[in-house]
Structure formats: C-alpha cells, structure tokens
Peer 1: 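This structure is in structure tokens; I'll ask about it shortly.
Note on naming: letters A, B, ... go to the chains in the order of the sequence lines (proteins, then strands), and numbering restarts at 1 for each one. Bear in mind the structure is a predicted one, so any value in this text is a computation, not a measurement.
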Amino acid sequence: AQSVAQPEDQVNVAEGNPLTVKCTYSVSGNPYLFWYVQYPNRGLQFLLKYITGDNLVKGSYGFEAEFNKSQTSFHLKKPSALVSDSALYFCAVRSGTYKYIFGTGTRLKVLA
Amino acid sequence: NAGVTQTPKFQVLKTGQSMTLQCAQDMNHEYMSWYRQDPGMGLRLIHYSVGAGITDQGEVPNGYNVSRSTTEDFPLRLLSAAPSQTSVYFCASSWTSGEYNEQFFGPGTRLTVL
C-alpha cells in the first residue's frame with residue numbers, strides 16, 4: 001500500500017537560515033512525488049514534483065527537493081527562509097494508479 | 001481562466017440532510033478529484049475521475065457519491081450527512097499525462113454537520 005510520512009508536525013526556523021521539511025514514502029513501482037503549500041483559508045498550491053530524471057528538483061519561490069531512492073525520501077529545502085514562507089506544507093505520492101496519497105502536513109514557522 | 005471553482009464556500013447541515021458540493025474547472029483537465037482535510041489527518045482522497053463517465057473510489061468513499069457527466073464538472077453528493085463528515089472539502093483537477101500531472105486545487109468548502 002502507498003503511504004507518505006511527514007515526521008514533523010512543525011518546523012521552526014529563523015529568517016535567513018536554511019530550511020528542510022522531511023518526507024518519506026512507500027510505494028510499489030516508480031513514484032511520482034509532489035510538494036504543495038497551503039496558506040491559511042486557501043486551497044493547496046503546487047510547489048514542485050519529481051517524475052523522473054535529476055534527483056534535485058527546483059520549484060516555485062526558491063524551493064527545491066531531493067529525491068533519494070535508497071532512503072525513499074523527498075525532503076523539501078530552501079537555502080534562505082523568508083517569513084512569508086510560513087505555511088502548511090504537504091508531501092504527496094502517486095504510483096501507477098491515479099490515487100494520490102498526502103502526508104499529514106508540516107507547519108513551517110519562519111521567525112523574524 | 002477561473003481555474004477550479006467550488007460552491008458553496010460554507011455550509012451547515014443537520015444530521016440526515018443531503019446536499020451537493022459543486023466543483024468546476026475550465027482547464028479541460030481529464031482528472032478531477034475530491035479530498036477532505038481534517039486536523040492531523042492531512043488530505044484524504046474521497047473519489048476521483050479520469051474522464052467523463054469514469055469515476056472510482058479513493059481512500060474514504062463511504063457516505064459520498066460522485067458523477068462526471070462533463071469534463072468540466074465533478075459534483076460530490078452527501079447522501080445523509082453525519083457529524084463525522086464535518087470537514088473542509090477540496091476539489092482538484094489535473095492532466096493525466098506523466099509530465100503535467102500536478103493538481104490544481106479549488107478554494108475549498110467548509111462543511112459543518114450538526
């Protein structure tokens with residue numbers, strides 16, 4: 001069965017510092033991996049995805065993620081956090097079917 | 001381009017009432033889906049569709065029905081509302097091809113069942 005784990009409910013980071021939001025997954029077959037962001041009282045917005053190719057994927061707003069097949073991880077990173085990055089972040093996975101599985105979300109708080 | 005639209009934004013129901021949450025997209029996407037978002041649970045897939053006339057169950061389909069008569073519309077029906085269906089509901093759409101399959105989400109419907 002497919003599953004996604006986001007082990008941290010909340011991540012706090014100081015503005016200007018690098019940030020990492022963790023995601024691990026379990027699927028059979030090759031995974032499609034996604035990161036979405038949700039601001040208060042809004043729908044989710046797509047940040048980036050891994051389908052195939054380079055393990056380092058670059059996305060919107062300066063975010064990037066590294067696909068690690070051996071560790072079954074897809075951690076979201078940003079070199080320098082902004083206060084405006086504070087939001088709820090979701091990792092999602094899809095395998096051969098059209099069923100997407102989302103993680104429980106990680107709240108990122110960037111402190112000024 | 002309106003993207004994905006959902007109506008209503010808010011709804012309060014009594015236990016046992018039925019209602020339909022509306023979802024429409026104007027991007028000609030084949031794939032449409034419904035999720036519910038509950039605290040600590042993330043998003044859970046209720047039903048999805050890969051084209052007009054084709055629907056399938058997701059992770060939590062019980063108590064919900066869907067149909068897809070057109071590419072644009074994908075309504076979600078609550079047959080007999082229960083307090084456990086209190087949640088925020090999101091509709092999403094995307095292409096089905098591998099390279100362009102990121103989902104576009106609507107603004108959500110906040111449903112309370114008393």
Peer 1: Are the side chains of B/Arg68 and B/Asp73 in touch, meaning some heavy atoms are under 4.5 Å apart?
Peer 2: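 Sidechains of B/Asp73 and B/Arg68: no contact.
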Peer 1: With a 4.0 Å cut-off on N to O distance, would you call B/Asp38 and B/Arg44 a salt bridge?
Peer 2: yes
Peer 1: Side chain, backbone, both or neither: which part of A/Gln38 has a non-hydrogen atom closer than 4.5 Å to chain B?
Peer 2: side chain
Peer 1: Please classify the contact of A/Leu88 with chain B as side chain, backbone, both or neither, using a heavy-atom distance under 4.5 Å.
Peer 2: side chain
Peer 1: When B/Gln103 is tested against each of B/Ser33, B/Ser93, B/Cys91 for side chain to side chain contact (heavy atoms under 4.5 Å, CB included), which residue passes?
Peer 2: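 Testing each of B/Ser33, B/Ser93, B/Cys91 against B/Gln103, the sole residue satisfying side chain to side chain contact (heavy atoms under 4.5 Å, CB included) is B/Ser33.
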Peer 1: Less than 4.5 Å to any heavy atom of chain B: does that hold for the side chain of A/Phe34, its backbone, both, or neither?
Peer 2: side chain
Peer 1: Would A/Glu64 and A/Lys77 pass as an ion pair if we require N to O under 4.0 Å?
Peer 2: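 Here A/Glu64 does not pair with A/Lys77 in a salt bridge, since their nearest N and O are not under 4.0 Å apart.
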Peer 1: Sort B/Phe104 into side chain, backbone, both or neither according to what part of it lies under 4.5 angstrom from a heavy atom of chain A.
Peer 2: neither
